Student: 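Supplied in C-alpha cells, the structure appears directly below.
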There are 2 protein chains.
Amino acid sequence: MRNDYDPFRGEFDSLEEFADRVSDVLRCPVTIEDANHRLIAYSAHDDYTDPARTATIISRRVPEKVINSLWKQGAIPALLKSREPVRVPPIEDVGLGSRVAVSIWKNDEVIGFIWVLETNRTLTPEEMEWLKLAAKAAKNKVLQLYMRKNKKEERVQELFWKLLTGHIATEDEIRAHLAAMQMTAAPPFAVVVFRFAADLTNEMERQISYLLQTTQQLPLPLYTTDGRDVILLAAPKTEQPLRELQRFIESFAAKMKERFHIHEVQCGFGGVYGGYRLIEKSYREALAVLALKEKLGDEIKSVYGYAQLGIYQFFDFLLEQKRQGEWTNPALTKLQSYDQKHQSDLVKTFETFFDHNENVQETADVLNVHPNTLTYRLKRIADIAELDLHDMNQKIKLYIDIKLAKYEARG
Amino acid sequence: MRNDYDPFRGEFDSLEEFADRVSDVLRCPVTIEDANHRLIAYSAHDDYTDPARTATIISRRVPEKVINSLWKQGAIPALLKSREPVRVPPIEDVGLGSRVAVSIWKNDEVIGFIWVLETNRTLTPEEMEWLKLAAKAAKNKVLQLYMRKNKKEERVQELFWKLLTGHIATEDEIRAHLAAMQMTAAPPFAVVVFRFAADLTNEMERQISYLLQTTQQLPLPLYTTDGRDVILLAAPKTEQPLRELQRFIESFAAKMKERFHIHEVQCGFGGVYGGYRLIEKSYREALAVLALKEKLGDEIKSVYGYAQLGIYQFFDFLLEQKRQGEWTNPALTKLQSYDQKHQSDLVKTFETFFDHNENVQETADVLNVHPNTLTYRLKRIADIAELDLHDMNQKIKLYIDIKLAKYEARG
DNA sequence: GTTAAATTTGTGGAAATCCACAAAAACCGG
DNA sequence: CCGGTTTTTGTGGATTTCCACAAATTTAAC
C-alpha cells in the first residue's frame, strides 16, 4: 500500500464529477450528502442501486426512516465521532444494502458524508483508506455550498422575523419575497416554539438544526432562534394539522433526548392559519402556550397546541375579571369550607373526575377509592354545592372556577 | 227576622273584643283575618277549635296549605267576588272543620275576613245575615290597622331601596334600622325579581302582595316594586337555599297563573349571601339573570338563579373580548363550514349532546336519530375539528364557543 | 349513470354505569 | 365510651355505553 498515493488529487469542476471519480476508483455507486443528509451529488453511471439510494436521489434527501435506522444502528453516531470510515451491514426494513461511509470534516465539525454502496463487492482496507482521502478532497467543495447556504439563510431569517412580528405589509409582498428566495412555502402555517432550559449553545443549535433539516414529517420552511427558543414555521400538509404537529413535536423531543441527551424541552404551537399575515398571531399563541405551561406545569403537560388549551385560552382574561370584580362561586366556597372542616377532598375529587372525562372507573383508580365511594362523594358534592350534576353548564362553571382558583394561586 | 236589628252596633275597644262579641252572638269560635290571611283577632272563650284554627292562632297566620286548599275548593275566590257569606265543608287533609266565612270590604276591595267555625251546630240563614253585618261593623277597625301598616310599609320600602342600591353605610346601621321597624330579618339573603309583561296595575300589585304575604315557603322580609318588576328579599332558612328559592319561584308562578291568570312572568334571583351589604350584589345578579333570559330565551328557560347560569355568568365578558380581539375557534369554524357544505348538523349535534349532559340515548331521542348515528357523528366531529372527545377541556371550549356564537348573534 | 365515499341503521357481546340497599368502618359530640 | 351520623365498601340487576363489524341507504364525483 503506497501511503502517499491519492487518487483524488487535482481539481474537480463539480461535486458530481468528483462523485463519479470516487465511484470509478472504488467501483461502487457513491452518494455525497451534506451534514443534514441532503443530497449534494451522486455518481451517475451505476448499474445497481438499492431502494434507499433511489429514494434519496429522487427526493434529494435521505428518507427519514433511513436516517432513523442509521441512528439506531449506530452508524451516524460513529461518523459524527470519528473520521474513520464505517461499514454498515444491510438493513432490510428500509431497503438499505451494505455500504461504507465516511464523514467530511471542517475543523471539528462534520459538514457532510460520502456513502459507498457495496453492491456486489466489499471494499478492501486499502480502498477504505482511499475513502478517507476522498472525504478530505471533498471538503472544500462541500464547504462552498455550505457558505452559500448560510448567506441565503441569513436573508431568509430576516424575512421570518418580519413575519413573526407582523412587520410585513401585504400578502403579495410576502409571496414576492419568498419567490425571490426560491422558497415554496405554502399555507396553512403554524408557528412552533421549542423552549430549552438554558440559552442555546452553538453545539445545540447545530444539533437542533440537524433534526429539523432531516425531519420529513412535515415541511418546515423557516426557522430561527431567540435566546432559549427555537422558533419554526411549520406547513402541515394533511387535513389534520394538529395531530400532525403533535406527532412531530413528540418525535422531535424524543430524538433530542435519545440522540443528544437534551431533556427538558418545552414546546408550544399556535393556531394553523391560512394567511401569511396570521403567522404573527400563531407566534403569539405559541408563546401563550409556553407561558401557561410555565404557570400550570403538570396541569397541561401533554398539551402543545393553542387549540388544545381549551378553557385555559381565556384564563388570563377571567383572572383579570376575578381580581377586579367580586367574582365568587358560592358553590366552590361551600365545598372548600366543607373540605376544611371535615378534612375531605371534595374539590379535588370533582376536579379529578372532570380531568378524567367524567369517567367513574378511571377517576376512582386515580384517587385510590372504590367507584361507589366516588359516586357517593359526587352526590355529596351535589348536595353541598347545590349543584345539578345533570346540568353540564353548572358543572363546567364549577370546573372552571376550581381551575381558575389554582391558576390564581400560582399566577 | 228583623231586618233592622244589628247585634254589632256600638263601639268596640279592640278587635279582640269584637271577635268575642261575634262569637257570643253566633255561639261559635270566630277568627278575623286581614286580606293576606294574617290573624288580626280571635274569640277567646271557645271550648273547641279544629287543628287549622289552632295552627293559625299559634303562628298568627293561616297555614299556607290551608289557604291553598281554600283556593282550590273555591271559598276564597267566592269571598273575593261577593259580600255574601260562604259555607265551607270540612277539609280533612288540612284539619279544617266546617265553617262559614264572610269578607270585609272597603269600597271595591277586600281588606279582611271573618271566619266562623261551626263546631257542633250549623248557622241559620238569619245568623248568616248577622255575619254580613259583622263584616260591615269590622270594617273601620280593620281599616285602621291597614293604614298603620301602610305607613310602616313606606318606611320599610325606603330602607329596602337603600339596601338594593348600596346606599347604606355599615352592617350595624342596617341592623339598627331593622330593629327600629321590628323587622326580624336574618341573613342569609337573596334578592328575587319577578318581571311581568307590562307595568304593574294596582290590581296586580294587590294580587302579588297577597301571594307574597301568604306564602310560608320561605320568609320574605322585604319587597317593593319597580315598573314591571317586583323585587323581594328572601331569607332562605334551609341548608339548600337555591332549591328552596327555585321551589318558591315555581309555585309562585304557578299560583299567579292559576289564581289570577297572569302568565308570562320572568324571574331571576341573585346569590345567597350572608351580609346585608351584599344585598346590592344579589340584586344586580338577579337583574343580570333577567337580562340574559331576555337574550337567550329558551336556552335558559328553567334557570332562575344566578348560580345556575353557569358559564353564562361570564358571557358578557367573553363577548366583549371576542368583539375586540380576533377570537376564533378554528375547530368551530371547520365544523360550521362542513355543515354548510354538506348540509349537516354537526354543530347542533354537539351542542345538543352537551345540552343533554353527554347522554347518548337522550340526545339521540331529541334529535330523532339512532344512537349509533349520534356516536358516528361525534367521531366525525372529533375528526373534523381535531378534537379529543376524551378531553373535557377541549370539549368545554367548543361548547362555550358554540353558545357564545349564538349569544353574539342575538346580543 | 356508475362508482366510490359518506351516512344511517342494525346486531351482539364485553364493560361500565346507575341505582337501591346494606354492612362495615370511621368520625364526632356529649 | 356510647350512639348516631357520615363515609367507605360491597352486592346484584337493569340499563346504557362502547366497540367492532356489516348491511342498507344517501350523497358526491367523475
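Convention: sequence-line order gives letters A, B, ...; per-chain numbering from 1. All values below were derived from every heavy atom in this structure, side-chain atoms included, with hydrogens, water molecules and symmetry-related copies excluded. Since the model is a prediction, treat every value here as computed from it, not as a measurement.
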Student: Please check if the distance between the ring centroids of B/Y276 and B/F189 is under 6.0 Å.
Tutor: yes
Student: Would you say the rings of B/Y304 and B/F269 are close, in the sense that their centroids are separated by under 6.0 Å?
Tutor: no
Student: Between A/K293 and A/E299, is there a salt bridge with N-O shorter than 4.0 Å?
Tutor: no
Student: Is a salt bridge present between B/K255 and B/E64, judged by a nitrogen-to-oxygen distance below 4.0 Å?
Tutor: yes
Student: Whole Å only: how far is the CD1 atom of B/I381 from the C1' atom of C/dA6?
Tutor: 15 Å
Student: For B/V360 and for B/Q343, locate the closest nucleotide of DNA chain D by heavy-atom distance; then report the residue assigned to the nucleotide nearer the 5' terminus.
Tutor: B/V360
Student: OP1 or OP2 of C/dA15 sitting under 4.0 Å from any side-chain N/O of A/Q361?
Tutor: no
Student: Mind grabbing the angle between the end helix axes of the helix from C/dG1-D/dC30 to C/dG30-D/dC1? Five pairs an end, 10° rounding.
Tutor: 50°
Student: With a 4.5 Å limit on heavy-atom distance, are the side chains of B/S344 and B/Y338 in contact?
Tutor: yes
Student: Flag the pair A/E171 and A/R277 as a salt bridge only when some basic side-chain nitrogen lies within less than 4.0 angstrom of an acidic carboxylate oxygen.
Tutor: no
Student: Indicate whether OP1 or OP2 belonging to D/dT9 is found under 4.0 Å from a side-chain N or O atom of A/T373.
Tutor: yes
Student: Consider the side chain of A/Y376, meaning its heavy atoms from C-beta on, and name the nucleotide among D/dT8, D/dT17, C/dT7 that approaches it most closely.
Tutor: D/dT8
Student: Salt bridge or not between B/K403 and B/D355? Use side-chain N to carboxylate O under 4.0 Å.
Tutor: yes
Student: Roughly how many Å is it from CG in A/L378 to P in C/dC19, rounded to a whole number?
Tutor: 12 Å
Student: Reading DNA chain D from 5' onward, which residue's closest nucleotide shows up sooner: B/K341 or B/K379?
Tutor: B/K379
Student: Please report, rounded to the nearest Å, how far the P atom of C/dT9 is from the CZ atom of B/R380.
Tutor: 16 Å
Student: Could you tell me the separation between the CG atom of B/D345 and the C1' atom of C/dA6, rounded to a whole number of Å?
Tutor: 16 Å
Student: Round to the nearest Å and state the distance from A/I384 atom CD1 to D/dT5 atom P.
Tutor: 17 Å
Student: Using a strict cut-off of less than 4.0 Å between a Lys/Arg side-chain nitrogen and an Asp/Glu carboxylate oxygen, indicate whether B/K395 and B/E358 qualify as a salt bridge.
Tutor: yes
Student: Does B/Y338 put a side-chain nitrogen or oxygen below 4.0 Å from OP1 or OP2 of C/dT7?
Tutor: yes
Student: For C/dT17, does OP1 or OP2 lie under 4.0 Å from any side-chain N or O of B/N359?
Tutor: no
Student: Report the distance from atom CG of A/L374 to atom P of C/dA16, rounded to the nearest whole Å.
Tutor: 14 Å
Student: Does the B/N393 side chain pair with the main chain of A/G310, one donor and one acceptor, at a distance under 3.5 Å?
Tutor: no
Student: Give, for atom CD of B/E92 and atom OG of B/S69, the distance between the pair rounded to the nearest 0.5 Å.
Tutor: 11.5 Å
Student: Calculate the interatomic distance between A/E358 atom CD and C/dT17 atom P; express it in whole Å.
Tutor: 11 Å
Student: Please report the distance, rounded to the nearest Å, between CG in A/D339 and C1' in D/dT6.
Tutor: 15 Å
Student: Going by heavy atoms closer than 4.0 Å, what residues in residues 362-372 of chain B are next to DNA chain C?
Tutor: B/V369, B/H370, B/N372
Student: Ignoring backbone atoms, establish whether A/R377 has a side-chain N or O less than 4.0 Å from OP1 or OP2 of D/dT8.
Tutor: yes
